[in-house]
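Please read these numbers as outputs of a predicted model, since none were measured by experiment. Residues: numbered from 1 along the sequence shown.
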Amino acid sequence: MRDAYHEELDSIGDSLVEMARLVGSAIGRATTAILDADLNLAESVIAGDQKIDDLQHDLEARAIALLARQQPVATDLRIVVTSLRMSADLERSGDPAKHVAKQARLRYPESPVPRDLHATLLEMGQLAQRLMAKAAEVIITKDVDLALQLETDDDEMDLLHRTLFQHLMDDRWKHGVETAVDVTLLGRYYERFADHAVSVANRVVYLVTGEHADGIQTPGVPVEGV
């Protein structure tokens, strides 16, 4: 019975990793769809979001059943409850990817992203993928130091987001109001995606240490006053 119980715990972890990989792929493909005005790719990202939702629902059902059958305590209870929260974070991270793809579909056959902002959006998409790949690695390895690094990595996304706004506020902006709204929304989608990746990593920190990430010193960052 205990072997089966721990196999089920491991299976829940495997599902979390699969979800992370799916949403990472989704944001990458959505980025290509928005920049290349690729309608077929956009539609595949939108349709693929259902698989992410289904995985989350299945994981939730298994976790709740495990709670009811085994009534875990201490570390095992923390694993199940934290896994439930991580699955919700991962499901929500699929939504910004879907919204990027929907924006591509809405503006087809054109791209809503001006040519002079393509490099910035591409960098945001690539960074989003790296953040989620690192979150997946954190789920597998339970590496607290790696998990804490995501907060610093997320600063790069915030910087890219500010870069978009600098373009929008520039007096030389010549792409009109509709495009400005599109770019504003897209920037927010990528920022939200990154925030969800950080949240997943922070939950692993709590799973391993029993402490919240904001109370733990990030590696390489000096303590104030020291």
Side-chain angles (χ1 to χ4, degrees), residues 4-28 30 45 48-100 127-155 157 189-216 218-219:
Y5 167 54
H6 285 290
E7 284 176 8
E8 187 62 25
L9 281 178
D10 291 342
S11 174
I12 288 173
D14 292 342
S15 293
L16 289 170
V17 173
E18 183 179 1
M19 287 182 71
R21 288 172 175 166
L22 283 173
V23 295
S25 172
I27 197 66
V45 173
D49 187 62
Q50 185 60 53
K51 183 174 182 180
I52 296 166
D53 292 347
D54 290 345
L55 274 170
Q56 196 269 334
H57 294 154
D58 176 68
L59 187 153
E60 185 178 74
R62 284 187 287 136
I64 290 172
L66 202 61
L67 286 171
R69 289 197 315 270
Q70 301 291 342
Q71 299 180 356
V73 295
T75 301
D76 286 351
L77 178 60
R78 198 158 71 220
I79 290 171
V80 177
V81 172
T82 304
S83 295
L84 279 168
R85 291 172 175 167
M86 282 194 284
S87 74
D89 285 325
L90 291 166
E91 187 277 328
R92 292 189 192 107
S93 69
D95 292 336
K98 179 176 66 176
H99 292 324
V100 171
L127 177 57
Q129 282 186 278
R130 291 198 301 273
L131 282 166
M132 193 54 74
K134 188 175 284 189
E137 185 178 351
V138 166
I139 294 170
I140 295 168
T141 63
K142 306 296 188 293
D143 186 329
V144 171
D145 289 343
L146 185 64
L148 292 171
Q149 288 174 18
L150 265 80
E151 196 75 56
T152 302
D153 295 340
D154 184 48
D155 291 342
M157 186 66 80
Y189 296 148
Y190 285 103
E191 183 187 45
R192 282 177 53 203
F193 185 96
D195 288 344
H196 288 307
V198 172
S199 181
V200 169
N202 286 346
R203 294 193 192 282
V204 173
V205 172
Y206 176 73
L207 172 64
V208 173
T209 68
E211 298 181 51
H212 293 288
D214 56 7
I216 298 176
T218 303

Side chain to side chain contact (heavy atoms under 4.5 Å, CB included) between Glu60 and Leu84, intermediate numbers included: CA-CA 6 Å; Glu60 185 178 74; Leu84 279 168; 3.8 Å; yes

Between Val100 and Val45, is a side chain to side chain contact (heavy atoms under 4.5 Å, CB included) present by the stated rule, with each step listed? CA-CA 9 Å; Val100 171; Val45 173; over 6 Å; no

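With a 4.5 Å cut-off on side-chain heavy atoms, Leu90 and Met132 count as touching. Looking at Ile52 and Met19, their side chains come closer than 4.5 Å, going by heavy atoms from C-beta outward. The side-chain heavy atoms of Gln50 and Lys98, taken from C-beta on, include no pair separated by under 4.5 Å. In this structure the side chain of Asp95 never reaches within 4.5 angstrom of the side chain of Phe193, judged on heavy atoms. You'll find the side chain of Gln70 stays beyond 4.5 Å of the side chain of Val80, heavy atoms only. When side chains are defined from C-beta on, Val204 does not count as touching Val144, because their heavy atoms never get closer than 4.5 Å. Side chains of Met157 and Tyr190 form a contact here, defined as non-hydrogen atoms less than 4.5 Å apart. Between Val23 and Ile27 the shortest side-chain heavy-atom distance does not fall below 4.5 Å.
Within the 3.5 Å criterion, the main-chain N or O of Arg21 finds no donor-acceptor partner in the side chain of Ser25. Remark: the backbone N or O of Ser11 is paired with a side-chain donor or acceptor of Ser15 at under 3.5 angstrom. A donor-acceptor pair is defined here as one N or O able to donate and one able to accept, closer than 3.5 Å; no such pair exists between the side chain of Ser199 and the backbone of Asp195. At least one donor-acceptor pair under 3.5 Å links the side chain of Arg78 to the backbone N or O of Leu207.
By the 4.0 Å N-to-carboxylate-O rule, Asp153 lies close enough to Lys134 to be salt-bridged with it. The pair Arg62-Asp58 meets the salt-bridge criterion, with a side-chain N (NZ, NE, NH1 or NH2) lying under 4.0 Å from an Asp/Glu carboxylate O.
Between Asp145 and Gln149, the side chains place no donor N or O within less than 3.5 Å of an acceptor N or O (distance only, hydrogens not considered).
Under the 30°/60° scheme for interplanar angles, the aromatic rings of His99 and Tyr189 are found to be tilted.
Screening Leu59, Leu55, Val200 against Leu16 for a side-chain contact (heavy atoms from CB on, under 4.5 Å) leaves a single residue, Leu59.
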